[in-house]
Amino acid sequence: MKPVDVHITTCNEQDILPYTLRHYKTYASRIFVHDNFSKDRTREIAAAAGATVLDWPAGAEVDEWPLINNKNACWRGTDADFVAIVDADELLYFPLGAEATLEVYAAARFPVIKPYGYEMTSEAYPTTAGQIYGDVKFGARDDRWYAKPILFAPQLITDTGIGVGSHSARTVCKDGHVIEVNEQYPMTIPPCYLLHFHQIGPLERIAKVYDDKRARMCENNRRNRWGNHDEGMKHATDKRNYIKARLERVIP
């Protein structure tokens, strides 16, 4: 297996984090959890799973700039062949197997990988002791918002160039070539999926998460309309309806 570092950004993620860590431990060499003032058991869960827990250098507000800066700097100095820079509810999944797929990426010398994006959903919050996608198998394809370029080959690049929301990247290669990974950039073959597990469980739970995050938005995020600014229940309901209209089986 090619060495893979995984960097996970967290803030009060005790519900989803055990699943996130369980998934990445199937192929990650090292896992780093960058925590931003969690008041729940996030840090305890991460440490118990063997992850390295680091402070995310930002205030308690939701502020895109420190987040982007941390994501673009956290991987520097690594000797890993690949680095994944994810949020706590984002799972990079390889339908043909992580080892075989990463071997192909390494042989092809891909500096940055663009996954297929899926928003997963379930009416009840999973309680399985196994992988979350053992229970939550359905979702909606969404390459606009969830095909995020968050997997890189650090030995081939000098800058990840992750943008706002991680929806794009301006990756600089060591040979000076710049790769603009945006909505038009093609998905990488063999494929990997970015499974987004935010829309799982009752709408009331999801709405509360949206409202809590919106209440912590900094002025810069509000001014630029970064993130969700709608009332939580409205946004949760709109997203659930969007997924249901496009629902497909993602995991066999």
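No single ILVMFWY cluster, assembled from side-chain heavy atoms under 4.5 Å apart, contains both Val112 and Val6. Under a hydrophobic clustering in which Ile, Leu, Val, Met, Phe, Trp and Tyr are joined whenever their side-chain heavy atoms come within less than 4.5 Å, directly or via other members, Ile113 and Phe94 fall into the same cluster. One hydrophobic cluster holds both Ile251 and Tyr118 under the rule that ILVMFWY side chains link at heavy-atom gaps under 4.5 Å. Hydrophobic clustering, with ILVMFWY side chains joined whenever heavy atoms are under 4.5 angstrom apart, groups Ile85 together with Val181.
More than 12 heavy atoms of other residues, nucleotides or ligands shown are found within 6.0 angstrom of NZ on Lys174. The number of heavy atoms from other shown groups lying within 6.0 Å of CZ (Arg223) is above 12.
When atom types are taken as modelled, the side chain of Ser29 and the backbone of Asp5 share no donor-acceptor pair closer than 3.5 angstrom. In this structure a side-chain-to-backbone donor-acceptor pair under 3.5 Å is present from Lys137 to Pro252. The backbone N or O of Asp230 lies less than 3.5 Å from a partner atom in the side chain of Asn228, making a donor-acceptor pair. No donor-acceptor pair closer than 3.5 Å links the side chain of Asp87 to the backbone N or O of Asp89. Not one N or O on the side chain of Asn221 forms a donor-acceptor pair closer than 3.5 Å with the backbone of Met217. Counting only distance, with no hydrogens or angles, the side chain of Asn72 and the backbone of Ile162 share a donor-acceptor pair below 3.5 Å. Proximity of a side-chain donor or acceptor of Ser38 to a complementary backbone N or O of Asn12 within less than 3.5 Å is detected.
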- Task: Determine, step by step, whether Asp159 and Arg76 satisfy the salt bridge (Lys or Arg N to Asp or Glu O under 4.0 Å) criterion, reporting the C-alpha distance in whole Å, the side-chain angles of both residues, the deciding distance to 0.1 Å, and the verdict.
- Result: CA-CA 9 Å; Asp159 190 9; Arg76 295 190 181 278; 3.5 Å; yes
* To do: Let me see the working for Glu231 and Lys234 under salt bridge (Lys or Arg N to Asp or Glu O under 4.0 Å), right down to the final yes or no.
  => CA-CA 6 Å; Glu231 184 271 331; Lys234 178 185 184 306; over 6 Å; no
> So Asp211 and Lys208, salt bridge (Lys or Arg N to Asp or Glu O under 4.0 Å) or not? Walk me through it.
Replying inline: CA-CA 5 Å; Asp211 283 335; Lys208 184 179 185 305; over 6 Å; no
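How far CZ of Arg141 is from CG of Leu247: 14.5 Å, rounded to the nearest 0.5 Å. Atom CG of Leu54 and atom CG of Asn36 lie 13.0 Å apart (nearest 0.5 Å). The line from NE2 of His198 to CD1 of Ile206 is 6.5 Å long, rounded to the nearest 0.5 Å. The OG1 atom of Thr26 sits 11.5 Å away from the CG atom of Leu21 when rounded to the nearest 0.5 Å. The NE2 atom of His23 lies 8.5 Å from the CZ atom of Phe197; values are rounded to the nearest 0.5 Å. Distance CD1/Ile200 to OH/Tyr19: 8.0 Å, rounded to 0.5 Å.
Closest approach of Trp75 to Thr160, counting heavy atoms only: NE1-CG2, 3.3 Å. Shown here for Leu195 and Tyr133, the closest heavy-atom pair between the two residues is CD1-CD2, 4.4 Å. What you find for Leu151 and Tyr105 is that their closest heavy atoms are CD2-CE1, 4.3 Å. Shortest non-hydrogen contact noted between Ala147 and Pro115 is CB-O, 3.1 Å. Looking at every heavy atom in both residues, Ile8 comes nearest to Ala88 through CG2-CA, 3.7 Å. When all heavy atoms of Pro186 and Lys114 are compared, the closest pair comes out as O-CB, 3.8 Å.
Residues Tyr93 and Val250 have side chains not in contact (no heavy-atom distance under 4.5 Å, counting atoms from C-beta outward). Counting only heavy atoms from C-beta outward, the side chains of Leu96 and Pro190 approach each other to under 4.5 Å. At least one side-chain heavy atom of Met187 sits less than 4.5 Å from a side-chain heavy atom of Asp143. Residues His229 and Arg222 have side chains in contact (heavy-atom distance under 4.5 Å, counting atoms from C-beta outward). Side-chain contact between Asn220 and Trp65 is present, with heavy atoms from C-beta onward closer than 4.5 Å. Between Ile45 and Glu13, the closest side-chain pair of non-hydrogen atoms is not below 4.5 Å. Using a 4.5 Å heavy-atom threshold, the side chains of Leu102 and Val4 count as touching. With contacts defined as side-chain heavy-atom distances shorter than 4.5 Å, the pair Tyr27/Leu92 qualifies.
Side-chain atoms of Ser166 and Lys71 include a donor-acceptor pair closer than 3.5 Å. Under 3.5 Å, the side chains of Asp35 and Thr10 contain a donor-acceptor pair of N or O atoms.
Between Tyr210 and His235, the ring planes lie perpendicular to each other; the angle is over 60°, past the 30° to 60° tilted range. Classified by interplanar angle (parallel below 30°, tilted 30° to 60°, perpendicular above 60°), the ring pair Phe32/His7 is parallel. Ring pair Tyr146/His196 is parallel by interplanar angle, where below 30° counts as parallel and above 60° as perpendicular.
Taking the ring axis of Tyr242 as reference, the NZ or CZ atom of Arg246 stays within 45° of it and closer than 6.0 Å to the ring centre.
Salt bridge Asp55/Arg43: present, at least one basic N to carboxylate O contact under 4.0 Å. The pair Lys244-Glu123 meets the salt-bridge criterion, with a side-chain N (NZ, NE, NH1 or NH2) lying under 4.0 Å from an Asp/Glu carboxylate O. A salt bridge does not link Arg216 with Asp212: every distance from a Lys NZ or Arg NE/NH1/NH2 to an Asp or Glu carboxylate oxygen is 4.0 Å or more. Ion pairing between Asp15 and Arg41 fails under the 4.0 Å rule for side-chain N and carboxylate O.
For residues 156-192, the ring pair (Phe, Tyr, Trp, His ring centres under 6.0 Å) pairs, not counting sequence neighbours, are Trp145-His167.
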